[in-house]
Each structure stands twice: as C-alpha cells, then as structure tokens.
2 protein chains.
Amino acid sequence: MTEVEARSATSRLHDQLEAIVEVLRRHDDEGPLPAGSQAELRRQLDELHPADIAFILESLPLDDRLAVWQLVKADRDGEILLEVSDAVRESLIADMDRQEILAAVEPLDADELADLVEDLPTAMLPELMASLDTQQRQQVQSALSYGDDQVGALMDFEMVTIREDVSLEVVLRYLRRWDELPAQTDKLFVINHDNLLTGVLPLHWLLVNPPEKMVSAVMAPDVNTFHPTDDAYDVAQAFERYDLVTAPVVDESGHLIGRITIDAMVDVIREESESEALSRGGLREEEDIFASVWASLKNRWAWLAINLVTAFIASRVIGLFEGSIERLVALAALMPIVAGIGGNSGNQTITMIVRALALNQITTESAKRLWRKELTVSLLNGLVWGGVIGVVAWLLYDSASLGLVMTAAMTLNLLLAAFAGVGIPVLMTKFGRDPALGSSVLITAMTDSGGFFIFLGLATIFLM
Amino acid sequence: MTEVEARSATSRLHDQLEAIVEVLRRHDDEGPLPAGSQAELRRQLDELHPADIAFILESLPLDDRLAVWQLVKADRDGEILLEVSDAVRESLIADMDRQEILAAVEPLDADELADLVEDLPTAMLPELMASLDTQQRQQVQSALSYGDDQVGALMDFEMVTIREDVSLEVVLRYLRRWDELPAQTDKLFVINHDNLLTGVLPLHWLLVNPPEKMVSAVMAPDVNTFHPTDDAYDVAQAFERYDLVTAPVVDESGHLIGRITIDAMVDVIREESESEALSRGGLREEEDIFASVWASLKNRWAWLAINLVTAFIASRVIGLFEGSIERLVALAALMPIVAGIGGNSGNQTITMIVRALALNQITTESAKRLWRKELTVSLLNGLVWGGVIGVVAWLLYDSASLGLVMTAAMTLNLLLAAFAGVGIPVLMTKFGRDPALGSSVLITAMTDSGGFFIFLGLATIFLM
C-alpha cells in the first residue's frame, strides 16, 4: 500500500483545490492563462471526480471559475453541471454555446436531463427533445410533469427487474450478462407479466441463499414503496428511518415505474435544511457566495423591504408616545431592551417549532401542550430576567416605578414572543406555507412593535 | 398486489401515530391504561419498525411517551434507544431500572453500545463492560476513545473481508456460508495476510464478472478510505460527493480497522444542519419539544443572559445621547429603524458566510473578494433604502437635515453589518470555534449598539 492510498480521502479535496488555485494565481489577473498552465490544469482536472470539479468550481470566483470550466473535457460537462448548485450552474451554462450544451447533455440519463432542462435556454428545448429517442423523451416528459419537491421528479429509470418464477441461479446468470449494474443497486425488483411489483430481492439474499432456490421463495414483499406524487422530503425521511439505499416507485395500481436512490435523498435532506436556514432570514437558496453584487441585491431586497416596512411600523408605534419620551427620556434608552430580549426569545421558540413541524412531530393534541409549555417558560424568563433588568433600571434612574414597568413590559413581551413563536409557524403550516419562510423577520417584527407598545403604553399609564 | 402494499410508505407512519394517539386518548388522563388498550397498543407496536417507534415516542408528551415505552418488548428497547434523539433517550433511560437497561443493551453491537454508553448511569458501566467478551470490550473502548465528531466513534466492525488470491467463485461460495451479510454491505474489503487493505470488491462486480476470474483481477484500489480521526462531517460530505454506501476505515499504516456506512453519515448531515440552525440563536441541540419547562429554561438561559448584556450595552449607548433625544424626540422613534435594518442585513450576510464556511468553500484568497462584495451590496442597499427612509423621515418631521442623517446612518450601519457579518464567522473559524454558534445574537448586538451610536452620534454632531 503506497503512502498516498493510506491517506484519508477527506484531506485530498482541499489539497486539490489549493493546487488549482496556485496555478491560477501564478500569473496574476488579466489575460488568458499561458498554454503551460492550461495543460497543467487540464491534467489535474482529468484526474478529478466530477463532484470534486463541481466543488472547485463553486469555490472559485466567477472569472477563475470560467477559466477552469473551459479546460474541462466536453464529455464531462454534463455530469459536472448536475453536481453544482443552481446558482453556479446558471453561471456555467451562460458561458456555453448551443453546440457545447448539446454535447454536454448527450451522455445523460432521462432523470438527469430533466434535472438540467429548466436551467437551459428555452430556445434550445425543441432541438434537445428531438435528439432523444422515444422512450427517453417520455421519461424526460414524465419527470418534468412532477413538481421539484415530488418523488416523480427525482426517480430514475435504471433498474434491474426479474421474474419470481425463476431460480437464483438463473438470476445470477442473467446479471452476468450486464456490463455494469445501475449505480447503487442493492436490490432487484420482482415484477409479474403485468409489470406489477410483487416484491424485492436484496442482492444480499441472492448471495447468501443456495442458487437452486426460487426467487419467489426468497424475495420479500417490499413495504417501502413510494408514489411519484409523494413529497420528496417525506420520502427522504423514510430512507433515513429505514436505512434504505434504493426503493421502488409504483403508480396507483402498483405498476413499477422507477426507483429512488439514497444519493438523491441525501441531496433532498441537505437542501431542505439549507433552504430552511436561509429562508428563515428571507434569503432565497440560489445565491452562491461569489454571486454578482446585482444577483445578491435581488436575492436580499424582498425581505429587506419587508423589514423596512415592519421597522417603520415599530417607529410609528414609538411616534405615538413621543410625548411620554419627551417627559421621561429614560424610556428611549430602555425600550430597545424590551424589544431585543423579546426578539431573541421568540426566535428561540420559533426555531424549535419550525424544526418539530418539519419532522411532522406536532399533532393537534400536542400543539396545546406546546403553547402551555412555551408560555410557562416565557413567564418564568420574564419574571426572572425582567426582574433583574427592572432592578438595574431602578438603580440607574432612581425610580422604583420605572423598574416595575420595565419588569412588567419584559414579561408581557416575552409572553407575546412565545405566543407568536408557536402561532406563526403553526398558522403558516395550516395555510400550506413553508413555516420557516421569513419566520425570523416576522417574529422580530411582532416583538419589536409589540415590545415598544407594551413598554411605552405601560409607562404612559403608570408613570405620566 | 393488495391495496395496502400499493400505498405509499410515507403516509403509513402518520396513520400509525394517529392510531396510537387515539388509543391513548380513549381513556383520558390519569390512571394506567386498561388491559384491553394495553394489549391493543402492544399489538400495534410489535408491527412497527424500531425507527417508527422512536418517531412516535418523540412525538408524544412525556407521560404518554412513558406509557408507550412500557409496552415495547424488552428485546427491542436497545434498537429504539439508538434511534431516538438524545433528549428523548435521556427521558426513557431515566424510566428504566438496572435490569431493564442491561437487557436492552445486550443485543447491541460494539459501535451501537458505544453510542449509548454516555447516556447510561455511570454506576452501571463497570457491570456492563464486564458482561462483554474481550473483542467487544476492545471495540467499545476504541469507539469511546474518539470524539463524537470523529469517524472512530461512528464506525462499525461488521465487515466481510476476502483475500485477493482467490477466484470470484470461491468468494461466492464463502458468502453462501453467511446467514446474512452485514447491513448495507455494498462492497467486500480485500486484505492481505497483514490485514492491510489492498482494495475493495463491489458486490456489483462480483455479480457481473465471470466466476473464474481472480479477485485481484477485478477489485478496485479503494481511493475513498478514511481514518478514525477524520472529522465525521468531512467524511459525510465525501459520502455525499462520491455517492458512497460504505467505506473502509484504516489506521495510519493502512490496516483495515472498521467501516463507515451511509446511514451513519446521513445522521451526521442531518445533525450538523440542525445544530447549525439551533446554535445560531444560541440553543443547544438537546431540547426535545416536550422537554420539561425546567430543561427548556436551562437550554435557553445562557444566550438570553448574553442577549440581556448586549441589550443593556445598546441601552447605555442610547443613554449617552439622552440630551440629544430630549431636544429632538424624533430621534427616539427613528433609531430602531437604523438598528433593525442593520440587524436583518447582517443576519443575511452571516447566514451565507456560515454556510460557505461549513462547506469549506472559503479560502484566504476568496475571503478578500467576499468582503468587497458584501460591502458593495451593503453600500448600495444603504444608499437606496437609506435614501427611501431618509425621504420619509424628511416628510414626516419636515427636516431635510434629519433625513440626510438618517440616510447616512443607515448606510454606515449596513457597512458595519457587512463587515461584522463576514468578520465574525471568519474569526470564529480562525480560533477553531463553531462559526454558527450564537452568530445571530452577536451580529444583532453589533448592529444594535453600532446603529444607535452612529445615528445618535451623527444627529448630535449635525443637528444639535
């Protein structure tokens, strides 16, 4: 075993990225790379896995990225386009001409093609579809007929199917006629003459059972079967729960139409959590870190504008009480504390609830308990921390009644935060919306305006 | 094919949860379940996959959860404990006596045992370790010697190893002697007489190649080999990139010591994204939604306290300018807008950067470009939105100079937000800390105090 092979695979990728950046950096800025460097880069790239090239392209700023992209062998373009994030994919496709795009997609399977189609120039689609054979075209059209978040858009059509009335020996001989089994095949699908799925035969069982046994005697009825209209994230969770590697997809009457593989499901899990993290603050998921300033602005403006409106409302709430603030300027200094703690606490609650909702763990029954629990936690937090800050305010401004108002306002605002922290995501879900979307902006808006109103209102009533 | 089998596996679980809740609800509150209901629940539970029982336990409030837990067959307890989240696991173990715990862990493998050990009562460990055979004990100790985030803690020891100087026929015959192959086996590990890993033989290749071929002629040198000290998340990303199902773990000199499977890596990916989402707002990951009020308070207090300090600082910043606010009370109403928009924009930036850092996509080289880009985006956002709100302030308070101060303050605070949004996570990473930890609280603290200072400072200079 050589030195290199004993090295861990995790450190390899970063070294490769560094090596490529080094070559790119050797001749600073401007102008195309000299032929020598181009050849060197090309050699490095040829040795890399498509997913690694994708990683490197994503890690490079746009100009370097396109320089590297030009050096990738044309017949690998398709696989690489499949691996990069949407934003980077757009930037690469924008750099390719018609001929290059057609060459890139040529080696792809129907499901992969369907994945890329939406990012290709619309004008090219007729030409592209015409270049496919009938079966492929049907498969692409089928995949395109489902939403991005449905299993039908993610399934592939490469499966090994067998009949149940043959012996394992026959199956083994049949498999030897394949050059290669479809990637990640861990089970064979058993179908009858009507193409109805009657069971699955894990490769393991094929290997440990005596060859003279019949498939029907060894196969398992497959309980983990999915429909093309199933929600992809639900299916991904099933893969996670049951440790699946592949699973059959059947239509309403049980006909086998495709299969789902773990690698597609891992992507779904990753994308779901990423888009959840991003959408919380009102970011769309498609921004890559080297996106142009313009793309970044577009990505962020919508929620900044919403935030501007909510901040303006909070400002007008304060405006209502300008008279009180003029008479007791300490209110201006204390009010952000009430609003800030409320926002922090509300965000903690909403994060917990959004997560539980994503995992389908909240029933009508349990929702009531959750309100009760969150409200109790907030009440205690409000009394304790509100009490602390009330004492500080008392000492600082030498007014016990100001301290009391502070404590009361903190407690009430924390209760509001808990109420909204559970209520917003539960309502969003009820109306079929993504509960994470902008949740942070919304809860902060409520606790800001609410906090100012509660605090300044109480102060006006009791201190003026 | 029956009706039931053609149903999708995703809808099954929710129905099962509902059915169990229904039985639990039939006799409201208080008192143990009648024997009839117990028998019914037991029957339902017996049919469920351990992961499904885990899901159901997680979805039930504590009292219901323990009622159901008591009805689960003792020999399944171990598998189920492995599947539930840490917080729920604690609640279940707290409900078990010594005898039950020993019975539950008895059927587990070394790596599974190592996973549970830290949640078991410390007093039980000597007894538990004594009950293992020498090899198992060594494996458990080995697994415990690595950090939770290292591959060594997650690898298992169930592998099929073969020699390279035999024919595929021999391998096939050897496999038939197994009752069952280790779960998720997709490749056999080829070792020499020194236990050095010399290659891997995917089951696919075993199946499609003629049986008379030698292992050495068919096997692949395995490039995706990991070390027990590798970071689990890095390895999970490699699994994702290369679509791996299993991979060998070797020591420094290339001896095969274990293997890693995709199901463990999916858990790592899920946990990493969850803990990222939670830690952003300063939550630890161990809170389950039905945690007691006390557990929730403990989980949330640390960051609420930090937030209290930062809010207090912001309040003192305002206190510095009480004189100005007294003279121009409009400042009090406008200042939260400057702080709020800064916080929102800073959170957008920090979310992007934390994500890119988690994927290792930021090099020293690219960090500079990122600052530049984020600062440009902020400058434009500041001028545009700051301009808008400046005009609004001008019209509202009939003071052009107040509008100008507002615009300038917004722009400067957005630049501060961009600067801190890139700087905080990059610095955290440099010092080896988790860049997501409390990032939202920290950035908000900076944009609050900073925003108040900038706005009130400018107002004091130019308007007083």
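Note that this is a predicted model, so its numbers are computed, not measured. As a basis for the values below, the full set of heavy atoms in this structure was taken, side chains included, without hydrogen atoms, waters or symmetry mates. First the proteins, then the strands, lettered A, B, ... as listed; each starts at 1.
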**Item:** A/M335 side, atom CE; B/M335 side, atom CE - distance, nearest 0.5 Å
**Value:**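 It comes to 3.5 Å.
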
**Report entry** chain B contact via A/N224 - which portion, at a heavy-atom distance below 4.5 Å
**Finding:**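 Contact with chain B: backbone and side chain both.
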
- Query: Given a strict heavy-atom distance threshold of 4.5 Å, which part of A/Q237 is in contact with chain B: side chain, backbone, both, or neither?
  - Reply: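 Answer is side chain: those atoms of A/Q237 sit under 4.5 Å from chain B.
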
Which of the residues [options] is involved in the greatest number of heavy-atom pairs with chain A at under 4.5 angstrom?
| options | value |
| --- | --- |
| B/L308, B/D234, B/V245, B/I269 | B/L308 |
| B/F452, B/F312, B/W178, B/W385 | B/W385 |
| B/T185, B/L331, B/L203 | B/T185 |
| B/A311, B/P211, B/A333 | B/A333 |
| B/I318, B/I341, B/V208 | B/V208 |

Sorted by chain and residue number, the side-chain contact (heavy atoms from CB on, under 4.5 Å) partners of B/V293 (sequence neighbours excluded) come out as A/K373, A/T376, A/V377, A/L380, B/L297

Quick one, A/R270 and B/E240 - any side-chain contact, counting heavy atoms below 4.5 Å?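 Sidechains of B/E240 and A/R270: in contact.
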
B/R300 and A/E374 ion-paired at < 4.0 Å: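 A salt bridge links B/R300 with A/E374.
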
- Residues two or more places apart in sequence or in another chain: which of them pass side-chain hydrogen bond (donor to acceptor under 3.5 Å, both in side chains) with A/E322?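 Once residues adjacent in sequence are excluded, the partners of A/E322 under the side-chain hydrogen bond (donor to acceptor under 3.5 Å, both in side chains) criterion are B/Y397.
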
